[in-house]
Amino acid sequence: MGLFNKMFATDLAIDLGTANTLIYQRNTGIVSSEPSVVAIQKGRGERKKVLAVGREAKAMLGRTPGNIVAIRPLRDGVIADFDVCEAMLKHFIHKVHDANRSFSKPRVVIGVPLGITEVEKKAVKESAYMAGAREVYLIEEPMAAAIGAGLPITEPNGNMIVDIGGGTTELAIISLAGIVYGMSIRVAGDKMDQAIINHLRRRHQLLIGERTAEQIKVTVGNAYPGDEVEQMEVKGQHLLTRIPRVVEVDSDEIREALEDPIRAILQALHQTLEHIPPELAADVMDRGIVLAGGGALLKHLDLLIRDETGVPVFVADDPLSCVVQGCGKALDELELLREVAST
């Protein structure tokens, strides 16, 4: 590898997600995928000591003593705790750099939610600079997801992407490397998990945490009736007695629990479709709607959207990595980066 390539080989693309942070390294591909969780030990006054980041920290959620707290520094797709987010980014960036024995500061491309405020953009950039970035570029997540899903975003045709992440659902109609119409709602995977928590509390008087709710969603969660009803045992704590107990839930019950967040996503989807110019509407009808993000993996969600809209629906080949792959492609192609980067 020549001197020029060595200088820029460490450039990074980051999907700074509410649930997970993925990092793509130029000329290498995805090098890190970890939960966006940091475990903090509280000291005297405002002092905080980072104990763990990523998977190790997520394992501590709901299981820490009083002086240790496992937190997610991003909420609804934006930074909720600047200092902790900076520590998390620094950990991930240094982890990649140390593995590659690099001494140069990286250029960094970060996916951000559609329509975040200038203050929020500044917070994301400052976190990356403080974590060791040389230059920072922002790309709106639906644009990045469309690039990562392989959609021909630079052509004069309509492409529709729905990116269902942890904190936000991003919907966009894209043509000629620009977003013709887009919207972002703060209803996504986290709201689905919370809906499951609330449902079990009401119906079964069972208290469960975020990790258990996510496990239920992945195991028996669904958006549309299937041929087979799936079941699973859920362990938690009785609401009144506080004694551990086990209840059995099935896929029909969990579909009922998820009805409100799914309905909110469908309403946003209908609103987006209503704003498509006629010529681009024909393109979307021909090409279909592409689903990306972790929420795209909810069982039968594509079937529900197809029935609700009458438009073909496709799930991206690797929905979890679409945003970071799109940011990575922009990192590799400077002309594309200039076209799609958000100021």
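Reckoned from all heavy atoms, side chains included, excluding hydrogens, waters and symmetry mates. Numbers here simply count residues along the sequence, with the first being 1.
- In terms of heavy-atom proximity, A133 sits nearest to V136 at CB-CG2, 3.8 Å.
- Just one of D76, T168, D260 meets the side-chain contact (heavy atoms from CB on, under 4.5 Å) condition when paired with K191; it is D76.
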Checklist entry - Hey, mind stepping through E253 and H204 against side chain to side chain donor-acceptor pair (under 3.5 Å) and telling me if it holds? => result CA-CA 12 Å; E253 181 180 346; H204 299 286; 2.6 Å; yes
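- Heavy atoms only, all atoms of each residue included: V78 and P113 are closest at CG1-CG, 4.5 Å.
- Minimum interatomic distance between I110 and C327 (heavy atoms only, all atoms of both residues): C-SG, 4.2 Å.
- Scored by the side chain to side chain contact (heavy atoms under 4.5 Å, CB included) test, L320 finds L297, D318 as partners (sequence neighbours excluded).
- Among all heavy-atom pairs drawn from A195 and A257, the shortest one is CB-O, 3.4 Å.
- Around CG of D250, the count of heavy atoms belonging to other residues, nucleotides or ligands within 6.0 Å exceeds 12.
- Partners of Y181 according to the ring-ring contact (aromatic ring centres under 6.0 Å, His included) rule, which considers only residues two or more places apart in sequence or in another chain, are H275.
- Under 3.5 Å, the side chains of E170 and S184 contain a donor-acceptor pair of N or O atoms.
- Checking Y24 against D332 by side-chain atom types alone, a donor-acceptor pair falls below 3.5 Å.
- The local environment of CD in Q205 is crowded, with over 12 non-hydrogen atoms from other residues, nucleotides or ligands closer than 6.0 Å.
- Taking all atoms of both residues into account, the shortest heavy-atom contact from A70 to V37 is CB-CG1, 4.3 Å.
- More than 12 heavy atoms of other shown residues, nucleotides or ligands fall within 6.0 angstrom of atom CE in M183.
- Other residues, nucleotides and ligands contribute over 12 non-hydrogen atoms within 6.0 Å of the CD atom of E135.
- Within 6.0 Å of atom CD in E155, more than 12 heavy atoms from other residues, nucleotides or ligands are found, so the atom counts as buried in its surroundings.
- When T309, L266, N222, V313 are each tested for a side-chain contact (heavy atoms from CB on, under 4.5 Å) with L304, only one passes: L266.
- With sequence neighbours excluded, no residue forms a ring-ring contact (aromatic ring centres under 6.0 Å, His included) with H270.
- Counting only N and O atoms by type, the side chains of N198 and Q194 include a donor and acceptor under 3.5 Å apart.
- A side-chain contact (heavy atoms from CB on, under 4.5 Å) with I216 is found for one member of H199, M232, R211 and no other, namely M232.
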